[in-house]
2 protein chains.
Amino acid sequence: MRLSKRGEYGLRAMIDLASWTQDGRVISIKAIAERENIPVKFLEQILLAMKNGGLVNSRMGASGGYYLAKPAAQITLGQIIRLLDGPLAPIRCVSQMAYEPCSCPDESTCGLRSVMFDVRNAIADILDHQTLADVVHGQPGNNLKLNEMSKS
Amino acid sequence: MRLSKRGEYGLRAMIDLASWTQDGRVISIKAIAERENIPVKFLEQILLAMKNGGLVNSRMGASGGYYLAKPAAQITLGQIIRLLDGPLAPIRCVSQMAYEPCSCPDESTCGLRSVMFDVRNAIADILDHQTLADVVHGQPGNNLKLNEMSKS
DNA sequence: CCTATATTCTATTGTTTTAGTAGGACATTT
DNA sequence: AAATGTCCTACTAAAACAATAGAATATAGG
Ligand code: FES
Ligand code: FES
């Protein structure tokens, strides 16, 4: 159930980009890496992948850098994670973007599958609706439910 | 965001165990493996781990096998996954059972963290309340939300 | 007691994924 | 032309994953 460093760095970089971008300015990899404590060369790859995925654009050359390809309110965390880390679904048989049958004898009566379907929807409901704009402007969501005692 | 084969097999085995156990009967690894299409020797390890984790008990020797250590209604999918796969949280800085700081400059103002906190709670809310008994008796949950168009 | 059938436990293996590093080509500004 | 950037590919070390192997131990049933 875990997000890779690649995914984590990518998200942090995008949030950084969304919060520091204004007007027609661009931001260099180095600037993001320093602010966010991310290895420069690793971040380079990640931003490149996101460029190829259409989430950011870049300007080359000296004083070049990156900027969001779309308004922050139109980029969801779900898009970023899928691009960098693959499907959100915990198990392939409930994935919409990368379905694959599992070794279960009968998928249609599988109890695990129906629970995991709920889990994947719960995750996607959050990640596909939280945009970079929401995150930057501190959209509270419904966190602070610290009375929840379950351990993760 | 994905569940390992180890976790998947473990869950399937426990569900199998919960649905075929009655009275004081025990079920052999081989029986489970055949019904669930799981490699026998791999399942062996997994069940052993769950025995050491206190979720199942066993009877050794001929006509021996495994049985649930507690009533099915008292074993949650969350317990099983944590035992076999570790924390449910997508990122360590929001994990209750295995917290670890990340490289973020400031955890208290991190937007990503607060979103991931919601995600981990959404996952835990489901997995810590769904018991083996629920799964076996086809507790519908709130699946069938096929009008949800997000891709996982 | 013997044998067949189980669990128990440790070690080893091959593959894939992860988390980077390295280095050079290319573009743009100054 | 030099400095500063992105672009792109290849490489690598380490960890995680998905098993497999094999021997030890325990028990039921004849
Ligand atoms: S059908 Fe995928 S886990 Fe059963
Ligand atoms: S504090 Fe963990 S992601 Fe920012």
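Quick note on labels: first sequence line is chain A, next is B, and so on, each numbered from 1. Side chains are part of it too, since the values below use all heavy atoms of this structure and drop only hydrogens, waters and symmetry mates.
- Looking at R6(B), its side chain never comes within 3.5 Å of a backbone N or O of D85(B) through a donor-acceptor pair.
- Between G65(B) and G7(A), it is G65(B) whose nearest contact on DNA chain C lies nearer the 5' terminus.
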Side chain to side chain contact (heavy atoms under 4.5 Å, CB included) between Y66(A) and L48(A), worked out
CA-CA 10 Å; Y66(A) 286 92; L48(A) 202 50; 4.3 Å; yes
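- Distance D85(A) CG to dA16(D) P: 16 Å, rounded to the nearest Å.
- R35(B) places no side-chain N or O within 3.5 Å of a backbone atom of D16(B) that could act as its donor or acceptor partner.
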Side chain to side chain contact (heavy atoms under 4.5 Å, CB included) between L11(B) and L3(B), worked out:
CA-CA 10 Å; L11(B) 285 165; L3(B) 186 70; 3.8 Å; yes
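- The span of DNA chain C lying next to chain B, judged by atoms under 4.0 Å from heavy atoms, is bounded 5' to 3' by dA4(C) to dA11(C).
- Taking 4.0 angstrom as the limit, Y9(B) places a side-chain polar atom (N or O) nearer than this to OP1 or OP2 of dA19(D).
- For the segment residues 37-52 of chain B, the set of residues with a heavy atom within less than 4.0 Å of an atom of DNA chain C comprises E44(B), Q45(B), L48(B), K51(B), in numerical order.
- The nearest whole Å value for the distance from the CZ atom in R2(A) to the P atom in dA15(D) is 13 Å.
- R113(A) places none of its side-chain heavy atoms less than 4.5 Å from the side chain of M116(A).
- A donor-acceptor contact shorter than 3.5 Å links the side chain of R92(A) to the backbone of A98(A).
- Separating the CZ atom of R25(A) from the P atom of dG5(D) is a distance of 12 Å, rounded to the nearest angstrom.
- The main-chain N or O of T131(A) is found under 3.5 Å from a side-chain atom of D134(A) such that the two form a donor-acceptor pair.
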Could you check L132(A) against L77(A) for side chain to side chain contact (heavy atoms under 4.5 Å, CB included), going step by step and ending with a plain yes or no?
CA-CA 7 Å; L132(A) 288 179; L77(A) 302 196; 3.9 Å; yes
Check nucleotides 24-30 of chain D for protein N or O atoms closer than 3.5 Å to its own N or O atoms and list the pairs.
unit_1  : atom_1 : unit_2 : atom_2 : d
dT27(D) : O2     : A62(B) : N      : 3.1

Derivation and outcome, side chain to side chain contact (heavy atoms under 4.5 Å, CB included), residues I80(B) and M50(B):
CA-CA 8 Å; I80(B) 299 169; M50(B) 289 203 281; 4.0 Å; yes
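- Counting heavy atoms of neighbouring residues, nucleotides and ligands inside a 6.0 Å radius, atom NZ of K70(A) exceeds 12 of them.
- Taking side-chain N and O atoms only, S4(B) has no distance below 4.0 Å to OP1 or OP2 of dA16(D).
- Residues M1(B) and P90(B) have side chains in contact (heavy-atom distance under 4.5 Å, counting atoms from C-beta outward).
- Distance OH (Y67(A)) to C1' (dG5(D)): 15 Å, rounded to an integer number of Å.
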